[in-house]
Enquirer: 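Once you've had a glance at the structure underneath, I'll fire off some questions.
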Amino acid sequence: MPRRVRHPPTSRGRHLGGSSRRGTARGSGGRRAPTGAARNVHPAGPAPTSRRITVPVLGIRATSAPSRRSAPRDAARAGTRGVAGTGSAPTPARAENGRARLVAPSRVAVAGHSVGGASALPSLLADSRIRAGIDIDGTTQVPVPDSGLSRPFLFLGRQSQYTPGSGGGAVATWERDWRHLTGWKRWLVVSGAEHASFTDVGLLAEQLGIDIGAGLPAARVSEIVRRYTRAFLQQHLRHLPQPLLDKPSARYPQVLFCAPESGTCV
């Protein structure tokens, strides 16, 4: 009686299907033929998988499709970071609403130095939502109309340039506009200050040993600007009376209160 001999799978069968039985099919002549070759043949090395790629761009995370292997891990990460799928960037409407909650419409003022200070009056004239303004050492360019401006305004400048009655030029623009300010107003000058003293330029110049011609240390001028600006905003935006704005202060003797009508500063 003939004995049946079982042959081991060939290397071709292993390559195509992993085994001679799983990777082959029986043909009409009883011989096994390889099937699924195109599906099962891969280049050397493990099959590539899709990985999550997160690229932060302006707070937006762009993500490629996760593979099945990495999906649970990515889901866990999404839970801890608040990111799912392609991420959730704030919409313009949500961002606008968030900013709106940070601004109290009844407490808006404008303050600036030099050209920024000169723009304070035009800003008040153009936008009624601005409650008050400060011009720090800035020559005004746009005259206040004859109808006047009734909102609070503060002129703060250097004594050498903005003492009323000292002649034409920059001080004349303040004198012109002062007459048409019909609400609360103050005209203050700082002795020993120069134009750059009111900014960080004065501080940096002193540290570098550069003389800007100021007789008052820049740190002192910076303190004056911060203190009087804060008092002005507290009084006119928060309605908290500030005695510092009523008369000269012994703590800040360099700050003089001017009366343009009489051309004096004390």
Side-chain angles (χ1 to χ4, degrees), residues 108-128 130-199 201-202 212-216 218 220-237 242-249 252-266:
V108 177
V110 58
H113 169 260
S114 192
V115 175
S119 68
L121 279 175
S123 298
L124 285 165
L125 294 171
D127 196 332
S128 61
I130 302 176
R131 305 298 184 182
I134 306 176
D135 178 354
I136 303 175
D137 215 58
T139 302
T140 58
Q141 304 294 331
V142 179
V144 177
D146 294 340
S147 57
L149 179 65
S150 61
R151 278 164 282 168
F153 200 82
L154 169 64
F155 283 120
L156 177 63
R158 49 192 154 138
Q159 183 184 26
S160 61
Q161 183 80 3
Y162 290 103
T163 297
S166 60
V171 67
T173 65
W174 284 22
E175 291 172 335
R176 175 199 65 205
D177 293 327
W178 177 266
R179 292 190 293 268
H180 299 295
L181 297 177
T182 60
W184 186 101
K185 58 185 178 180
R186 291 291 184 274
W187 182 321
L188 309 180
V189 293
V190 182
S191 62
E194 288 297 327
H195 188 65
S197 301
F198 296 97
T199 70
V201 173
I212 62 172
L216 191 63
R220 180 63 170 171
V221 181
S222 294
E223 180 185 354
I224 289 171
V225 170
R226 290 194 303 268
R227 185 65 185 87
Y228 279 83
T229 298
R230 183 176 186 274
F232 177 85
L233 298 177
Q234 290 278 23
Q235 177 160 319
H236 298 293
L237 297 187
Q242 301 293 311
L244 182 67
L245 300 175
D246 294 335
K247 60 182 180 180
S249 169
Y252 301 103
Q254 301 87 2
V255 180
L256 308 178
F257 283 61
C258 297
E261 294 80 7
S262 60
T264 60
C265 297
V266 295

Enquirer: Measuring from atom CD1 of I134 to atom OG1 of T229, what distance do you get when rounded to the nearest 0.5 angstrom?
Expert: 4.5 Å
Enquirer: Kindly give the heavy-atom pair with the smallest separation between S166 and T163, and that separation in Å.
Expert: OG-O, 2.6 Å
Enquirer: Quick one: closest heavy-atom pair of P122 and A118, and the distance?
Expert: CD-O, 3.1 Å
Enquirer: By side chain to side chain donor-acceptor pair (under 3.5 Å), which residues pair with E223, not counting sequence neighbours?
Expert: R220, Y252
Enquirer: Are S249 and Y228 packed together at the side-chain level, in the sense that at least one heavy-atom pair is separated by less than 4.5 angstrom?
Expert: yes
Enquirer: To the nearest 0.5 Å, how far apart are CZ in F257 and CG in D246?
Expert: 7.5 Å
Enquirer: Residues in side-chain contact (heavy atoms from CB on, under 4.5 Å) with R176, at least two apart?
Expert: T140, P143, T173, R179
Enquirer: Might you point out which heavy atoms bring Q242 and A231 nearest each other, and give the distance in Å?
Expert: CG-O, 3.1 Å
Enquirer: Answer yes or no: is there a side-chain heavy-atom contact under 4.5 Å between L121 and L181?
Expert: yes
Enquirer: Would you mind listing every ring-ring contact (aromatic ring centres under 6.0 Å, His included) that reaches into residues 133-154, with sequence neighbours excluded?
Expert: F153-F155
Enquirer: Could you tell me whether the side chain of L216 reaches within less than 4.5 Å of the side chain of I224, counting heavy atoms only?
Expert: yes
Enquirer: Taking C-beta and beyond as the side chain, do R186 and F232 meet within less than 4.5 Å on heavy atoms?
Expert: no
Enquirer: Who are the side chain to side chain donor-acceptor pair (under 3.5 Å) partners of W187, not counting sequence neighbours?
Expert: none
Enquirer: Scan residues 110-122 for pairs that pass side chain to side chain donor-acceptor pair (under 3.5 Å), counting only residues two or more places apart or in two chains.
Expert: S114-H195
Enquirer: Quick check: closest heavy atoms across W174 and G138, and the distance to 0.1 Å?
Expert: NE1-O, 2.9 Å
Enquirer: Do any pairs count as a salt bridge (Lys or Arg N to Asp or Glu O under 4.0 Å) and have a residue in residues 132-154, sequence neighbours left out, and if so which ones?
Expert: D137-R158
